[in-house]
A.B. asks: 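Take this structure, written in structure tokens, and hold onto it; I'll ask about it next.
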There are 2 protein chains.
Amino acid sequence: MKISAAESVVMEALWRNSPLTSEAIMSEVCAPQDWTEGTVKVLISRLVKKKAVAAKADGRRYLYSPLLSRRDYVQGESQGLLDRLFDGRLAPLVMHFSDGDTLSDEDVAALKALVERIGK
Amino acid sequence: MKISAAESVVMEALWRNSPLTSEAIMSEVCAPQDWTEGTVKVLISRLVKKKAVAAKADGRRYLYSPLLSRRDYVQGESQGLLDRLFDGRLAPLVMHFSDGDTLSDEDVAALKALVERIGK
DNA sequence: CGAGATCGATGACAAGTGTCAACAAAGACA
DNA sequence: TGTCTTTGTTGACACTTGTCATCGATCTCG
């Protein structure tokens, strides 16, 4: 099942640290996103229904943990973008950014080091 | 205005080749997407309303051309992904793929060549 | 025990999306 | 001229998303 943008904010909180109570989740995401508690509650419920997070009973409340790993999520999103826009390949994406002037010197250095390490 | 997934299929047709009549667009996208003409007509209308494509009158019909460049669209989508998932930087994305085994030898070679060209 | 707080579930609603059919205007051709 | 076809506009409908409030059960503390 697909995870929406708002839902992914909740997932990020759980990926940083889990399990969490709904209270903890809210204290992490409410302020930055300017959301009320009601909003976050619904997002959590929907994620549970989508089986993206597990809710383990702990007394009267639940402890929530991700069932979907961040790695898998990132993989799906990234591959989706590559497939849709870059014919499924990574190099054209990198080329796109290098053609613009969006790459800082640091970025270039990091890329260089990375590619060397891969090639090894 | 945001371009939806279905709409982007129509945009791709126009980016490949424009201007196009609605008939030409339909003959390009209907079959692969399994869409009826009605569906494509609405997608075109919505794109015009969103000012993502221009409709120039040509007798009783219109000739459609993109107003949004593929480059700008790709830039927006790609940057959005980087911002959401990789802290806005490109290297972590590349690292993600190199950590998996999704990169072919060709991909690695292409990246290597690319990075060298950038570093020049 | 009873009042208040907590927490999840549910209902609600507007906007956007995917999908399609019906309609109207305008040409084309018999 | 009258009918058929083409093409864009509209209406329609179900589903998802973002956003929030209310309800009901349960827990806690005086």
Side-chain angles (χ1 to χ4, degrees), chain A residues 1-14 18-68 73 76-77 80 84, chain B residues 1-14 18-68 73 76-77 80 84:
Chain A
M1 193 83 76
K2 191 87 185 78
I3 305 244
S4 77
E7 287 162 358
S8 81
V9 172
V10 171
M11 291 304 292
E12 290 286 355
L14 287 170
S18 76
L20 290 180
T21 64
S22 67
E23 192 196 359
I25 295 176
M26 293 190 290
S27 79
E28 252 193 274
V29 304
C30 271
Q33 303 289 323
D34 210 60
W35 282 340
T36 68
E37 298 186 354
T39 299
V40 180
K41 285 182 191 177
V42 172
L43 292 178
I44 296 174
S45 297
R46 287 179 182 169
L47 284 168
V48 170
K49 183 167 304 170
K50 287 183 181 183
K51 302 223 197 297
V53 326
K56 174 163 35 183
D58 171 55
R60 67 213 146 288
R61 58 171 83 186
Y62 287 117
L63 290 180
Y64 299 99
S65 335
L67 284 177
L68 173 68
Y73 175 71
E77 295 288 302
R84 280 193 303 118
Chain B
M1 192 86 72
K2 189 87 186 79
I3 305 244
S4 78
E7 286 162 0
S8 80
V9 172
V10 171
M11 292 302 291
E12 289 288 352
L14 288 170
S18 75
L20 291 179
T21 65
S22 65
E23 191 194 2
I25 294 176
M26 294 191 286
S27 77
E28 252 193 275
V29 303
C30 271
Q33 303 289 322
D34 210 62
W35 282 339
T36 68
E37 298 186 355
T39 299
V40 181
K41 286 181 192 177
V42 172
L43 292 177
I44 296 174
S45 296
R46 289 180 180 169
L47 284 167
V48 171
K49 183 168 305 172
K50 288 182 182 184
K51 303 225 198 294
V53 325
K56 172 163 36 183
D58 171 55
R60 68 220 143 289
R61 58 172 82 186
Y62 286 117
L63 291 180
Y64 299 99
S65 335
L67 284 177
L68 172 68
Y73 174 71
E77 295 287 304
R84 278 194 303 122

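The sequence lines fix the lettering, A, B, ..., with proteins before strands; numbering per chain opens at 1.
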A.B. asks: Could you check whether A:Ser4 gets within reach of a base, just the sugar-phosphate, or nothing at all, counting any heavy atom under 4.0 Å?
C.D. replies: sugar-phosphate
A.B. asks: Of the non-hydrogen atoms in A:Lys50 and A:Lys2, which two are nearest, and what is the gap between them?
C.D. replies: NZ-O, 2.7 Å
A.B. asks: Would you say the side-chain atoms of B:Thr21 pair up with the backbone N or O of B:Ala24, donor to acceptor, closer than 3.5 Å?
C.D. replies: yes
A.B. asks: Using the side-chain heavy atoms of B:Lys50, tell me which of these nucleotides is nearest: C:dT17, C:dT19, C:dC7.
C.D. replies: C:dT17
A.B. asks: Check every nucleotide of DNA chain D for an atom under 4.0 Å from a heavy-atom of chain B, then give the first and the last such nucleotide from 5' to 3'.
C.D. replies: D:dT7 to D:dA12
A.B. asks: How close or far is atom C1' of C:dG8 from atom CG of A:Leu43, stated in whole angstroms?
C.D. replies: 14 Å
A.B. asks: Check whether any side-chain heavy atom of B:Ser22 lies under 4.5 Å from a side-chain heavy atom of B:Tyr62, and answer yes or no.
C.D. replies: no
A.B. asks: Could you tell me the separation between the CD atom of B:Gln33 and the P atom of C:dG18, rounded to a whole number of Å?
C.D. replies: 11 Å
A.B. asks: Remember a base hit wins even if backbone is also touched, and classify B:Ala5 as base, sugar-phosphate or nothing at under 4.0 Å, heavy atoms.
C.D. replies: sugar-phosphate
A.B. asks: In whole Å, what is the span from the NZ atom of B:Lys41 to the P atom of C:dA25?
C.D. replies: 15 Å
A.B. asks: Can you measure A:Glu37 atom CD to C:dG8 atom P for me and round it to whole angstrom units?
C.D. replies: 10 Å
A.B. asks: Does B:Glu37 CD have over 12 foreign heavy atoms under 6.0 Å away?
C.D. replies: no
A.B. asks: Rounded to the nearest angstrom, tell me the gap between atom CD in B:Glu23 and atom C1' in C:dG27.
C.D. replies: 15 Å
A.B. asks: Grab the CZ-P distance between A:Arg46 and C:dA9 for me, whole Å please.
C.D. replies: 13 Å
A.B. asks: Select from A:Val42 and A:Arg60 the residue whose nearest nucleotide in DNA chain C is closer to the 5' end of that strand.
C.D. replies: A:Arg60
A.B. asks: Indicate, yes or no, whether a donor-acceptor pair under 3.5 Å links the base of C:dG27 to the side chain of B:Arg61.
C.D. replies: no
A.B. asks: With respect to the phosphate group of C:dC20, does any side-chain polar atom (N or O) of B:Trp35 fall under 4.0 Å of OP1 or OP2?
C.D. replies: no
A.B. asks: Looking at every non-hydrogen atom in both residues, tell me the closest pair between A:Val40 and A:Cys30 and how far apart they are.
C.D. replies: CG2-SG, 3.7 Å
A.B. asks: Rounded to the nearest angstrom, tell me the gap between atom CG in B:Leu47 and atom P in C:dT17.
C.D. replies: 10 Å
A.B. asks: Taking OP1 and OP2 of C:dC20, is either one under 4.0 Å from a side-chain nitrogen or oxygen of B:Thr36?
C.D. replies: yes
A.B. asks: Within a strict 4.5 Å, meaning less than it, do heavy atoms of the B:Val9 and B:Trp35 side chains meet?
C.D. replies: yes
A.B. asks: Taking only the side-chain heavy atoms of A:Ser45 (C-beta and beyond), determine which of C:dA9, C:dT17, C:dA22 contains the nearest atom.
C.D. replies: C:dA9
A.B. asks: Start at the 5' end of DNA chain D and walk down; is the nucleotide closest to A:Thr39 or to A:Ile3 reached first?
C.D. replies: A:Ile3
A.B. asks: Using the rule side chain to side chain contact (heavy atoms under 4.5 Å, CB included), only one of A:Val53, A:Ile25, A:Val10 pairs with A:Leu20; which is it?
C.D. replies: A:Ile25
A.B. asks: What is the distance from NZ of A:Lys49 to C1' of C:dA9, rounded to the nearest Å?
C.D. replies: 9 Å
